[in-house]
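What you see is a predicted model, and the numbers here were worked out from it, not measured in a lab. We number each residue from 1, following the sequence as shown.
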Amino acid sequence: MYLGIDLGTSAIKALLMRAEGDVVATASAPLTVQNPQPGWSEQDPDDWIRGCEAAVAQLQRTHPDAFAAVSGIGLSGQMHGATVLDATDNPLRPAILWNDTRSHVEAAALDADPRFRVVTGNIVFPGFTAPKLVWLATHEPDVYRQVRKVLLPKDYVRLWLTGEHASDLSDASGTSWLDVSRRQWSADLLAATHLDVSHMPRLVEGTERSGQLRSELAHAWGLDGSIPVAGGAGDNAAAAVALGIVADDMAFVSLGTSGVLFVANNGFRPNPEHAVHAFCHALPGHWHQMGVILSATDSLSWLSMLTGVSPQDLTAELGPPLQPPTGALVLPYFSGERTPHNDARIRGAMLGLDRSMDRSALTRATLEGVAFALKDCLRALEATGVRISRVTITGGGAASSYWQSTLATVLDVTIDVPADGGFGAGLGAARLAQIAAEGCPPSAVCVTPEILHSVAPDEALKGAFEEAYERFRAAYLRLRD
């Protein structure tokens, strides 16, 4: 058995996988996000540990024999968060998360230094880790002076599991300190934020062993022998491993809290001018590109909050046939936007409402707005030479057949819906654990899932959605100005 632990933003999940690749059991524990000021997003790192303990305890209770057979652990998690530790490895403050935009001024200043784009292949986004440390130096200098280690969120869980300061290359790619082409920390970029390599965790590939489970935990969990903990991956690279998206130009779209259009690459293909993310993949010798929007299902959750109806019920009201665009526009910029705008100050909007629009029309407009934002990502990726004709869909929003049809038509691609679409990054983490523990070739483990069905674009409605998309693009420019 292999244990995958996925540290999300709203929950931490644990998954048990057999060597044959099938999932035996899952468990989760909720997490909360604190927003002490507008644009701020924080979590207590020790809540991650309590959540991990709760999810593991649930697996032990419900599947004791399977859990006792665990022979490897893998990690995945939310990216970019700044977890700052003192000399005794205690957190100095709450972790500043990926969707926190307070450091937009610092990010712009770092991005103006041409070395960052040249070395990392990426824009310095406000959500990335480096500008958060610069913000700390300016606004919380007493905290900054005590910083001895900077860890990404899942790597704080690793520290608890193993006692090791380590990170994988896919997650480290989102810090703005990694030389992504050479797959190593950049001393120059660290120095630009008054840090050095001693502040960073040791780097490993996602398929490598990063350490082993501490004996105290192994005993408490009833596990025998040395249990290796794999390097693991950032959440999107781990999801790609779970979906078998590892070969050149294979792609998936994720409808999670944020939205992602992900393409695997055999080489490093940076294009920061279009706000495309170019990162190391979880597998050695592989990279990937992403277009990222900050509010996907988060947009639907916002509508759910306003209406008092669950997101699942909102989408269920729509029925199966795709309808023409509503005429209303939802710009889903509730936390700013990354691809292609790199705009931390833009905020969401609803435009073009009239009295004939009921709740279902607002739901459709919200789903359309997210699809249009992902089309912005597709255009940015296409500017790098990528050509995508089909994608696998994953994430919580993937369960909506109406959203599937909307995306297929707006993006003009075929969407493959996996038979088991709910495992995602946790399954990828378990697969990486198996590779690290057994030394088996990644190609034998990172296989594509069974496809339940495929959704083709609605040819009759493509023109109408293209016109609505052009209105969406124009609306952003007017809001920005």
| message | Does the plane of the ring in Tyr156 sit parallel, tilted or perpendicular to the ring in Trp48? Use 30° and 60° as the thresholds. | response | perpendicular
| task | Sequence neighbours left out, what pairs pass salt bridge (Lys or Arg N to Asp or Glu O under 4.0 Å) with at least one residue falling in residues 320-341? | result | none
| query | Sub-3.5 Å donor-acceptor pair from the side chain of Arg182 to the main-chain atoms of Val119, do we have one? | reply | no
| salt bridge (Lys or Arg N to Asp or Glu O under 4.0 Å): pairs with one or both residues in residues 386-396, sequence neighbours excluded | Arg390-Asp416
| said: Could you check, using the six-membered ring where one of them is a Trp, whether His288 and Phe252 have ring centers closer than 6.0 angstrom? | reply: no
| said: Regarding Ser356 and Asp354, do their side chains bring together a donor and an acceptor under 3.5 Å, going by distance alone? | reply: yes
| note | One should read off an interatomic distance between Thr120 OG1 and Trp177 CH2, to the nearest 0.5 angstrom, of 12.5 Å
| note | Only one of Tyr144, Trp40, Phe128 passes ring pair (Phe, Tyr, Trp, His ring centres under 6.0 Å) with Trp135, and that residue is Trp40
| field | Trp287 side chain vs Val180 backbone, donor-acceptor pair below 3.5 Å | value | yes
| query | Are Val150 and Thr175 side-chain neighbours, meaning at least one heavy-atom pair lies under 4.5 Å? | reply | no
| query | Roughly how far, to the nearest 0.5 Å, is the CG atom of Asn265 from the NE2 atom of His281? | reply | 8.5 Å
| field | Non-neighbouring partners of Glu106 that pass side chain to side chain donor-acceptor pair (under 3.5 Å), sequence neighbours left out | value | none
| Is any side-chain N of the basic residue among Glu368 and Arg471 closer than 4.0 Å to the acidic one's carboxylate O? | no
| query | Under 30°, 30 to 60°, or over 60°: which ring-plane class applies to Phe472 and Tyr333, parallel, tilted or perpendicular? | reply | tilted
| Derivation and outcome, salt bridge (Lys or Arg N to Asp or Glu O under 4.0 Å), residues Glu459 and Lys462 | CA-CA 5 Å; Glu459 296 294 332; Lys462 277 169 51 176; 3.2 Å; yes
| query | Would you say Lys375 and Glu466 make side-chain contact, with heavy atoms under 4.5 Å? | reply | yes
| message | Between Asp358 (side chain only) and Ala361 (backbone N and O only), is there a donor and an acceptor less than 3.5 Å apart? | response | yes
| Carboxylate-amine/guanidinium proximity below 4.0 Å for Asp235 and Lys154 | no
| task | Taking Lys13 for its side chain and Ile5 for its backbone only, find out whether a donor-acceptor pair lies under 3.5 Å. | result | no
| Taking the six-membered ring where the residue is Trp, are the ring centres of Phe125 and His80 under 6.0 Å apart? | no
| Do the side chain of Thr297 and the main chain of Thr257 share a donor and acceptor less than 3.5 angstrom apart? | yes
| request: Taking Asn271 for its side chain and Val276 for its backbone only, find out whether a donor-acceptor pair lies under 3.5 Å. | output: no
| Just by modelled atom types, is the Leu300 backbone N or O under 3.5 Å from a matching donor or acceptor in the Ser304 side chain? | no
| CH2 on Trp185 to CG on Leu169, rounded to 0.5 Å | 8.5 Å
| CA sep, side-chain torsions, deciding dist, call: Glu470, Arg473, salt bridge (Lys or Arg N to Asp or Glu O under 4.0 Å) | CA-CA 5 Å; Glu470 293 302 328; Arg473 293 182 66 209; 3.3 Å; yes
| message | Working to the nearest 0.5 angstrom, can you tell me the gap between Ile96 CD1 and Ser103 OG? | response | 7.5 Å
| task | Answer with yes or no whether the side chains of Asp343 and Tyr476 bring together a donor and an acceptor at under 3.5 Å. | result | yes
